[in-house]
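This report refers to the structure that appears directly beneath it.
Below, all heavy atoms of this structure are taken into account, side chains as well, without hydrogens, waters or symmetry copies. For the single chain, residues carry numbers from 1 onward in sequence order.
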Amino acid sequence: WNYWDAYKKFLKNDEGRAIKIIEENENIIDEILDLSGNPKIDGAWARKGLVMGNVQSGKTQNYLGLINKAMDAGYKVVILLGGHMNNLRKQTQIRVDEGVIGRESKHIVAPHLGVPKQTGVGKYRHGHNVATVTSSDEFGDFQKRIANILGITFDSLADPIIFTVKKNHSILKNLYEWIKTNHMLNPEDEKKLALPLLFIDDEADYASINTKSNRDDITATNKYIREILGLFNRSTYVAYTATPFANIFIDPDSTDEMYGDDLFPK
């Protein structure tokens with residue numbers, strides 16, 4: 001548990017969290033991870049679930065812990081929807097830099113700025129890196145151009161990679177098209193990525209729900225979340241929210257030949 005152990009030390013030493021609180025949180029994270037798909041199991045599987053946490057109850061700390069444990073378990077690609085506005089996404093990215101990546105992302109994405117400084121978990125973790133193509137820069141959301149310059153491909157990943165992106169249909173469309181094109185995927189012909197994906201949807205009651213009255217219509221954000229999930233043979237989608245009512249009223253039988261199952265947290 002290299003990633004998790006470093007995060008645990010960061011919470012205790014840098015964030016001042018009491019061991020009892022960390023351990024209680026770990027128990028919850030373990031429960032969530034146990035219900036997620038096992039990356040050691042081959043073949044196609046897709047899990048969808050929901051975590052309800054009260055406002056200001058530590059949801060971010062919980063899903064950062066889940067990301068670390070999931071990477072230890074074998075997840076290679078993590079997509080985190082970190083807010084629907086630029087400043088919210090940037091705040092989430094800073095938390096991801098400290099709690100997951102362990103280095104300043106703006107220096108990773110723009111090497112000309114200098115060697116990335118260690119931060120957060122980076123002080124406690126050695127030899128276990130995390131890649132990123134998004135950064136804490138003002139314009140650090142996902143861009144195809146930056147991803148191509150960095151030469152990232154999932155086929156050659158030595159370390160897990162995390163995308164911290166805004167919940168915006170244009171950004172999600174770009175991410176979907178980049179993954180599909182760069183890896184020559186065709187879900188309709190079952191040409192999908194074998195790597196396991198962990199997809200975390202923060203504030204999942206906002207924009208992720210398909211609110212179209214006709215079940216044959218799909219809102220853009222909902223569509224691209226489902227299409228991204230559909231590029232992977234193995235995926236776990238975890239929704240986080242303090243107000244889960246919209247999510248649990250998603251039609252559990254709603255599916256689409258092109259976009260796959262809806263986001264009902266089975």
Side-chain angles (χ1 to χ4, degrees), residues 3 6-7 10-11 14-15 53 56 58-71 75-125 128-150 152 154 157 159-176 178-179 197-204 206-208 221 224-225 228 237-241:
Y3 291 103
Y7 185 59
F10 165 70
L11 290 176
D14 297 44
E15 298 287 284
Q56 298 299 316
K59 290 195 297 295
T60 305
Q61 180 180 306
N62 186 275
Y63 68 63
L64 292 180
L66 176 63
I67 290 169
N68 278 289
K69 283 219 173 199
M71 292 190 307
Y75 278 87
K76 298 295 284 185
V77 181
V78 179
I79 297 172
L80 167 60
L81 298 187
H84 61 284
M85 296 169 65
N86 285 331
N87 63 333
L88 294 175
R89 191 214 69 85
K90 181 179 177 181
Q91 289 171 21
T92 304
Q93 180 76 63
I94 291 169
R95 296 286 298 272
V96 168
D97 287 4
E98 293 176 339
V100 178
I101 298 171
R103 295 178 294 160
E104 290 185 349
S105 55
K106 60 185 177 183
H107 292 275
I108 299 172
V109 173
H112 65 275
L113 295 175
V115 177
K117 296 177 184 173
Q118 277 191 342
T119 183
V121 294
K123 292 181 284 184
Y124 307 104
R125 206 178 62 213
H128 292 82
N129 295 320
V130 179
T132 182
V133 296
T134 61
S135 80
S136 56
D137 186 79
E138 185 180 353
F139 306 104
D141 209 335
F142 177 78
Q143 298 178 53
K144 292 179 186 175
R145 179 180 63 85
I146 298 294
N148 290 333
I149 288 171
L150 291 172
I152 296 285
F154 295 164
L157 282 178
D159 305 303
I161 187 169
I162 183 166
F163 299 79
T164 308
V165 300
K166 189 165 65 259
K167 194 186 293 191
N168 172 284
H169 65 86
S170 298
I171 298 290
L172 290 169
K173 180 186 179 195
N174 284 339
L175 179 57
Y176 165 75
W178 177 81
I179 296 172
L197 165 72
L198 175 65
F199 194 116
I200 292 185
D201 186 354
D202 194 15
E203 306 298 346
Y206 178 86
S208 302
T221 300
Y224 285 115
I225 291 174
I228 289 170
Y237 168 87
V238 186
Y240 275 80
T241 180

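With salt bridges taken as basic N to acidic carboxylate O contacts below 4.0 Å, none links D97 and K106.
Residue D202 holds its CG atom at 11.0 Å from OG1 of T164, rounded to the nearest 0.5 Å. Atom NE2 of H169 sits about 6.0 Å away from atom OG1 of T221, to the nearest 0.5 Å. In this structure, H84 NE2 and K166 NZ are separated by 10.5 Å, a value rounded to the nearest 0.5 Å. A distance of 12.0 Å separates CG of L80 from CZ of F163, quoted to the nearest 0.5 Å. Atoms CG and CG, from L66 and L198 in turn, are 5.5 Å apart once rounded to the nearest 0.5 Å. Atom CG of L175 and atom CG of D141 lie 9.5 Å apart (nearest 0.5 Å).
Scanning for ring-ring contact (aromatic ring centres under 6.0 Å, His included) contacts around Y75 gives an empty result, with sequence neighbours left out. With sequence neighbours left out, the ring-ring contact (aromatic ring centres under 6.0 Å, His included) criterion links Y3 to H128.
The shortest distance between side-chain heavy atoms of T60 and Q91 does not fall below 4.5 Å.
Formation of a donor-acceptor pair under 3.5 Å by the K59 side chain with backbone atoms of E203 is not found in this model. A distance-only check finds a donor-acceptor pair linking the side chain of Y7 to the backbone of Q61 [under 3.5 Å].
Checking R89 against Q93 by side-chain atom types alone, a donor-acceptor pair falls below 3.5 Å.
The minimum heavy-atom distance linking I94 with S136 is given by the pair CG1-CB, 3.9 Å.
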Practice item. Check step by step if side chain to side chain contact (heavy atoms under 4.5 Å, CB included) holds for V121 and V100. Key: CA-CA 7 Å; V121 294; V100 178; 5.8 Å; no
Check your understanding: side chain to side chain contact (heavy atoms under 4.5 Å, CB included) between L150 and I108: does it pass, once the steps are laid out?
Key -> CA-CA 9 Å; L150 291 172; I108 299 172; 5.7 Å; no
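Within 6.0 Å of the NZ atom in K144, the count of heavy atoms belonging to other residues, nucleotides or ligands exceeds 12.
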